[in-house]
Amino acid sequence: VTDTIADARLEPVAGARLTFTPEPQDVAAVDGATGVPGPITVTSGPDGAVAVELVPGVYRLRVQARDGAHEASVTVPEAEAAVLADLLTG
């Protein structure tokens, strides 16, 4: 999943923290071990660019930037690549 994080004036936002938390928080078994998938956090680069590898599913996205925090739901499809703005559902 890639995109450029921008403010209301469409200026790139460097240093924005994006946290993707899987929903629902189900217990999963992998190689005989069990666990709850944890959040994945990435930070936008100097040009606002972000890239993160996510397994298909629904995530709660929290973006923390200089103008405050924003939350949305993101549905990641089974695809080679996707643009974050196209995945936002509210």
Is any side-chain heavy atom of [X] less than 4.5 Å from a side-chain heavy atom of [Y]?
{"X": "Val58", "Y": "Ser73", "result": "yes"}
{"X": "Pro77", "Y": "Leu87", "result": "yes"}
{"X": "Tyr59", "Y": "Thr21", "result": "no"}
{"X": "Val52", "Y": "Ile40", "result": "yes"}

Report the distance from atom [atom1] of [X] to atom [atom2] of [Y], rounding to the nearest 0.5 Å.
{"X": "Asp47", "Y": "Thr4", "atom1": "CG", "atom2": "OG1", "value": "6.0 Å"}
{"X": "Leu61", "Y": "Leu54", "atom1": "CG", "atom2": "CG", "value": "9.5 Å"}
{"X": "Arg62", "Y": "His70", "atom1": "CZ", "atom2": "NE2", "value": "9.5 Å"}

>> Using side-chain contact (heavy atoms from CB on, under 4.5 Å), reason through Val42 and Phe20 one step at a time and then give a plain yes or no.
In response: CA-CA 9 Å; Val42 296; Phe20 296 85; 4.3 Å; yes
> Does atom CD of Glu53 have more than 12 heavy-atom neighbours, drawn from other residues, nucleotides or ligands, at distances under 6.0 Å?
Replying inline: no
>> If hydrophobic clusters are built by linking Ile, Leu, Val, Met, Phe, Trp and Tyr wherever their side-chain heavy atoms come under 4.5 Å apart, do Leu84 and Val55 end up in the same one?
In response: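 They do share one cluster, since a chain of ILVMFWY contacts under 4.5 Å joins Leu84 to Val55.
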> Is there a path of hydrophobic side-chain contacts, each under 4.5 Å between heavy atoms of I, L, V, M, F, W or Y residues, that connects Leu88 with Val63?
Replying inline: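 Same cluster.
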>> Between Asp3 (side chain only) and Ala85 (backbone N and O only), is there a donor and an acceptor less than 3.5 Å apart?
In response: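 At least one qualifying donor-acceptor pair exists.
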Identify the heavy atoms of [X] and [Y] that sit nearest to each other, and give their distance.
{"X": "Arg60", "Y": "Ala72", "result": "NH1-C, 3.2 Å"}
{"X": "Val13", "Y": "Ala6", "result": "CG2-C, 3.7 Å"}
{"X": "Ala16", "Y": "Ala65", "result": "CB-CB, 4.2 Å"}
{"X": "Pro56", "Y": "Glu78", "result": "CG-CG, 3.3 Å"}

> Yes or no on side-chain contact (heavy atoms from CB on, under 4.5 Å) for Val50 and Ile5, after CA distance, side-chain angles and deciding distance?
Replying inline: CA-CA 7 Å; Val50 293; Ile5 305 305; 4.0 Å; yes
